[in-house]
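Please read these numbers as outputs of a predicted model, since none were measured by experiment.
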Amino acid sequence: MEQREVKPEVIASRYQKVAVGIAQRIIEGKYLVGEKLKSRSTIASNFNVSPETARKAINVLVDLDIMAVKQGSGVVVLSREKAEEFLEQFDASVAAKELQKEIRDNLLRQRKEMEHLNSLVDSLMSRSAMVRKKFPLDPFELKLDQEAPQTGQSISELNVWHQTGATVIAIEHEGELLLSPGPYAKIEAGDTLYFVGDELSLPRMKNLFGMEDER
């Protein structure tokens, strides 16, 4: 049978680790049912712990009817089946603890992701406020697709104003906001355009960049 690893985050007490180790040896046949272990010091020596730690470990197994203390005879192994039950319960406890830890870690990760998302929202609101402060008119906002046609050209080359009646007042490119772009500023796929104009300028801008007007 595969040796069980006793994880420190699941079991903190050394005597609990020793109890698991003794049960494992009973299942493996290293300690036979009916066998007498002459003294607690033998177990303490085998597991490199103090006699007091060995005593506490034996008490756990005695309470579970896996072992018994015989006056003058030391410790006697009583049941291999109950040792198996004990280790099955132990494994279930380990699995529950690990699941609890995984859930806790996931909740912590989600909380950090939400904090990051909130910071992004705050950044967006801050930039939007900056645009509104610099430009009293409420600008239109248009996010260009990555496959948008007519990109890679300057505002002048696209003849934006004559084509749409819109005046581009800012371009957001890869997280950087360019205010008051000149006629030679290039518009790239994925950019966000801020512009002012009449109500027809928005559908005309969408048409210019090959985007459908949902209205």
Side-chain angles (χ1 to χ4, degrees), residues 1-130 143 145-146 172 174-177 190 192:
M1 177 177 292
E2 182 181 353
Q3 185 71 30
R4 284 171 171 80
E5 178 186 359
V6 181
K7 299 187 177 182
E9 67 270 18
V10 176
I11 295 182
S13 301
R14 294 195 69 186
Y15 75 87
Q16 290 175 305
K17 297 179 185 180
V18 173
V20 170
I22 294 172
Q24 181 75 38
R25 291 192 179 192
I26 293 172
I27 293 172
E28 293 172 348
K30 294 178 180 178
Y31 295 156
L32 299 176
V33 173
E35 180 179 350
K36 296 178 181 179
L37 303 179
K38 293 184 179 179
S39 66
R40 297 183 182 90
S41 60
T42 301
I43 293 177
S45 175
N46 288 343
F47 288 91
N48 194 28
V49 295
S50 68
E52 177 64 17
T53 299
R55 183 189 68 81
K56 290 181 179 180
I58 291 169
N59 287 344
V60 170
L61 299 177
V62 168
D63 290 342
L64 296 173
D65 294 326
I66 297 171
M67 304 184 80
V69 177
K70 301 294 185 181
Q71 197 68 25
S73 301
V75 182
V76 179
V77 178
L78 293 181
S79 174
R80 183 177 184 276
E81 289 75 14
K82 289 187 180 296
E84 289 178 341
E85 291 177 4
F86 168 55
L87 289 190
E88 286 174 0
Q89 292 174 354
F90 167 75
D91 287 343
S93 175
V94 169
K97 291 286 187 179
E98 289 177 344
L99 181 59
Q100 183 183 43
K101 182 178 184 300
E102 183 178 355
I103 292 173
R104 188 181 295 114
D105 290 344
N106 283 335
L107 290 174
L108 179 60
R109 183 164 56 253
Q110 290 177 11
R111 183 160 63 246
K112 289 182 178 179
E113 289 174 352
M114 284 301 300
E115 290 173 355
H116 179 61
L117 180 59
N118 286 334
S119 70
L120 292 178
V121 172
D122 290 343
S123 177
L124 175 61
M125 296 299 294
S126 176
R127 291 184 180 185
S128 297
M130 180 176 61
K143 172 72 174 179
D145 298 331
Q146 291 295 335
E172 184 175 357
E174 297 182 349
E176 297 293 332
L177 189 65
T192 298

Side-chain heavy-atom pair [X], [Y] within 4.5 angstrom cut-off:
X: Arg25; Y: Asn46; result: yes
X: Arg80; Y: Ile27; result: yes
X: Phe90; Y: Gln24; result: no

Response to the item:
Contacts of Glu35 meeting side-chain contact (heavy atoms from CB on, under 4.5 Å) (sequence neighbours excluded), chain-then-number -> Tyr31, Leu32, Leu37
Only pairs under 3.5 Å count here: list side-chain donor-acceptor contacts from residues 53-68, not counting sequence neighbours, and write none if there are none.
residue	atom	partner	partner atom	Å
Thr53	OG1	Ser50	OG	3.0
Arg55	NE	Glu52	OE1	3.1
Arg55	NE	Glu52	OE2	3.4
Arg55	NH2	Glu52	OE2	2.6
Asn59	ND2	Arg55	O	3.4

Item to complete: Could you tell me which residues satisfy side chain to side chain donor-acceptor pair (under 3.5 Å) with Asp105, sequence neighbours excluded, listed by chain and number?
Response: Lys101
Worksheet item: Is the backbone N or O of Gly190 less than 3.5 Å from a side-chain atom of Lys143, with the two atoms forming a donor-acceptor pair by type?
Response: yes
What pairs of donor and acceptor atoms, side-chain ones from residues 108-118 against any protein atom, are under 3.5 angstrom apart with sequence neighbours left out?
residue	atom	partner	partner atom	Å
Arg109	NH2	Asn106	OD1	2.0
Asn118	ND2	Met114	O	3.3

